[in-house]
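Below is the structure I would like to discuss, written out as structure tokens.
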There are 2 protein chains.
Amino acid sequence: MEKYYTIGDVAARTGISAHTLRYYDKEGLLSFVKRSESGTRLFTKEDFEPLYTITVLKRSGMPIRKIREFMSLYLQGNDTIHERYVMFNEQRESLLEQIGELEDMLKIVDYKCWYFQEAEKRGDINYYKKLPEQEVDQRIIEFNKIVDDFREGVAKED
Amino acid sequence: MEKYYTIGDVAARTGISAHTLRYYDKEGLLSFVKRSESGTRLFTKEDFEPLYTITVLKRSGMPIRKIREFMSLYLQGNDTIHERYVMFNEQRESLLEQIGELEDMLKIVDYKCWYFQEAEKRGDINYYKKLPEQEVDQRIIEFNKIVDDFREGVAKED
DNA sequence: TCTTGACTTCGAGTATACTCTAACATCTAT
DNA sequence: ATAGATGTTAGAGTATACTCGAAGTCAAGA
């Protein structure tokens, strides 16, 4: 006899609310979950692995409809190993892109933190404009170049 | 006499659609933009810097309402340098967290890519279950531990 | 002058992912 | 046996960020 987990059990253990789990089911992500005669969802020990995979794909930024595709392949078993590999590989690329984008933003935000500290010391957000050109910090000149490129409509790597 | 850019010019240069620019204006992000007598928005060269800042904050994951707060401080000039510094510093923290989260997901997705390749070679998604325990790769054992923790409802660092 | 294209506002529509409510069924412990 | 907790469904509501359409205004060139 197998031990079953109700939707409430699963919610408490995984931190995914029962509402959300039902929503995922409705969206076709939880087709692997058994039901009792009366319709209650019966989660097994084994169901936690695909459930975990769903959370990983979600936290990686994969939309529900694509997770549904993945779960549909999962249900088909050994015949779809390659397709599922391809999907994970694509998600890997997507993650690298997302991380790259955020790291680019981090560089600019780091600059802004530095710049606002300098501006705060001098009590003037445009202090550098009153400085002789050779005294202006290189970081400011480079940032202004970026803004100029933005204004010129240079092709960007989005 | 100053050169002005219309909303169409700005859209073409920045890649932000005129629709979206008007939406941002309606949401209070573009209060710094002048208007002609007849109501047409007149963007100046200087307006591209706050516009660029808006895109950076957006791409960093900041919601519109918080960008509005920032732009409200921007309009108040030198008196709000410190508050703006604090906001950028918080955004820096947020970016580090987001990058950390994605890097955690990348580790798991990397593992999945490896695992699916192994499974594909053997034509069996559960090949390791038929192996003697000491022949099971350590990576698989570690991943299964993570899934077990997930099932046990261990406190997670979300 | 008239046409054309770009501008304006307002408000409705779309997409995504929940989040909640209502009405009802079922399970469990006293 | 009955109360109360927990389960079920369908469908409505929320939040966010656009995205589009309609109806009208305005400025410049043929």
Side-chain angles (χ1 to χ4, degrees), chain A residues 1-31 33-44 47 51 53-71 91 94 98 101 105 153 158, chain B residues 1 3-31 33-44 47 51 54-71 91 94 98 101 105 153 158:
Chain A
M1 50 189 266
E2 199 160 8
K3 190 196 167 184
Y4 289 118
Y5 301 80
T6 67
I7 202 165
D9 292 338
V10 174
R13 282 157 184 274
T14 64
I16 309 168
S17 78
H19 276 314
T20 302
L21 286 166
R22 289 200 192 92
Y23 166 69
Y24 286 170
D25 197 3
K26 193 161 60 179
E27 291 301 313
L29 309 193
L30 306 186
S31 319
V33 179
K34 285 203 288 192
R35 298 288 188 121
S36 74
E37 270 186 38
S38 61
T40 299
R41 289 172 188 82
L42 303 173
F43 292 79
T44 68
D47 289 345
L51 220 38
T53 300
I54 288 169
T55 70
V56 169
L57 294 175
K58 267 248 72 216
R59 293 165 70 189
S60 302
M62 188 183 279
I64 299 291
R65 67 169 181 288
K66 209 165 175 195
I67 302 178
R68 173 170 47 228
E69 275 176 53
F70 181 85
M71 295 315 295
Q91 198 57 22
S94 160
Q98 291 178 66
E101 160 82 355
M105 293 307 105
D158 270 38
Chain B
M1 53 188 263
K3 190 195 167 185
Y4 290 117
Y5 302 80
T6 68
I7 202 166
D9 293 336
V10 174
R13 282 156 183 273
T14 65
I16 310 169
S17 79
H19 275 314
T20 302
L21 285 167
R22 289 200 191 92
Y23 165 70
Y24 286 171
D25 198 2
K26 193 162 58 177
E27 291 300 315
L29 309 193
L30 307 185
S31 319
V33 179
K34 286 203 287 191
R35 299 288 189 120
S36 75
E37 269 185 41
S38 61
T40 299
R41 289 172 190 82
L42 303 173
F43 292 79
T44 67
D47 289 344
L51 222 36
I54 287 169
T55 70
V56 169
L57 294 176
K58 266 247 74 217
R59 293 164 70 189
S60 303
M62 188 182 279
I64 300 289
R65 65 168 182 289
K66 209 165 173 195
I67 301 177
R68 173 170 46 225
E69 275 176 53
F70 182 85
M71 295 314 295
Q91 199 57 21
S94 159
Q98 291 178 66
E101 160 83 354
M105 294 306 105
D158 270 41

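These values consider heavy atoms only, across backbone and side chains, with no hydrogens, waters or symmetry-generated copies. Residue numbering restarts at 1 for every chain, and letters A, B, ... go by the order of the sequence lines.
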| message | Going by salt bridge (charged side-chain N to carboxylate O under 4.0 Å, His left out), name the residues that satisfy it together with A:Asp25, two or more places apart in sequence or in a different chain. | response | A:Arg35, A:Arg41
| Quick one: side-chain contact (heavy atoms from CB on, under 4.5 Å) partners of B:Ser94, sequence neighbours excluded? | B:Gln91, B:Gln98
| field | Along DNA chain C (nearest heavy atom to each residue), the more 5'-positioned of A:His19 and A:Ser36 | value | A:His19
| remark: Residue set satisfying side chain to side chain donor-acceptor pair (under 3.5 Å) with A:Lys66, at least two apart, ordered chain then number -> none
| said: Going by side-chain contact (heavy atoms from CB on, under 4.5 Å), name the residues that satisfy it together with B:Ser31, two or more places apart in sequence or in a different chain. | reply: B:Leu75
| field | Boundaries of the DNA chain C segment in contact with chain A, non-hydrogen, under 4.0 Å | value | C:dT16 to C:dC27
| request: Classify every nucleotide of nucleotides 3-9 of chain D by which part a protein heavy atom approaches to under 4.0 Å, writing B for the base, S for the sugar-phosphate alone and - for neither, in 5'-to-3' order. | output: ----SBB
| task | Please round to 10 degrees the angle between the axis of the first five pairs and the axis of the last five pairs in the helix from C:dT1-D:dA30 to C:dT30-D:dA1. | result | 10°
| task | Round to the nearest Å and state the distance from B:Tyr23 atom OH to D:dG21 atom P. | result | 19 Å
| message | Consider side chain to side chain contact (heavy atoms under 4.5 Å, CB included). Of B:Met62, B:Arg59, B:Met71, which one does B:Ile54 pass it with? | response | B:Met71
| remark: The salt bridge (charged side-chain N to carboxylate O under 4.0 Å, His left out) partners of B:Lys58 (sequence neighbours excluded) come to none
| request: Under the ring-ring contact (aromatic ring centres under 6.0 Å, His included) rule, collect the residues that match up with A:Tyr23, sequence neighbours excluded. | output: none
| Residues two or more places apart in sequence or in another chain: which of them pass ring-ring contact (aromatic ring centres under 6.0 Å, His included) with B:Tyr5? | B:Phe48
| said: I'd like to check the salt bridge (charged side-chain N to carboxylate O under 4.0 Å, His left out) partners of B:Arg68; sequence neighbours left out, ordered by chain and number. | reply: B:Glu27
| query | Can you name the residues that form a side-chain contact (heavy atoms from CB on, under 4.5 Å) with A:Thr40, not counting sequence neighbours? | reply | A:Ser36, A:Ser38
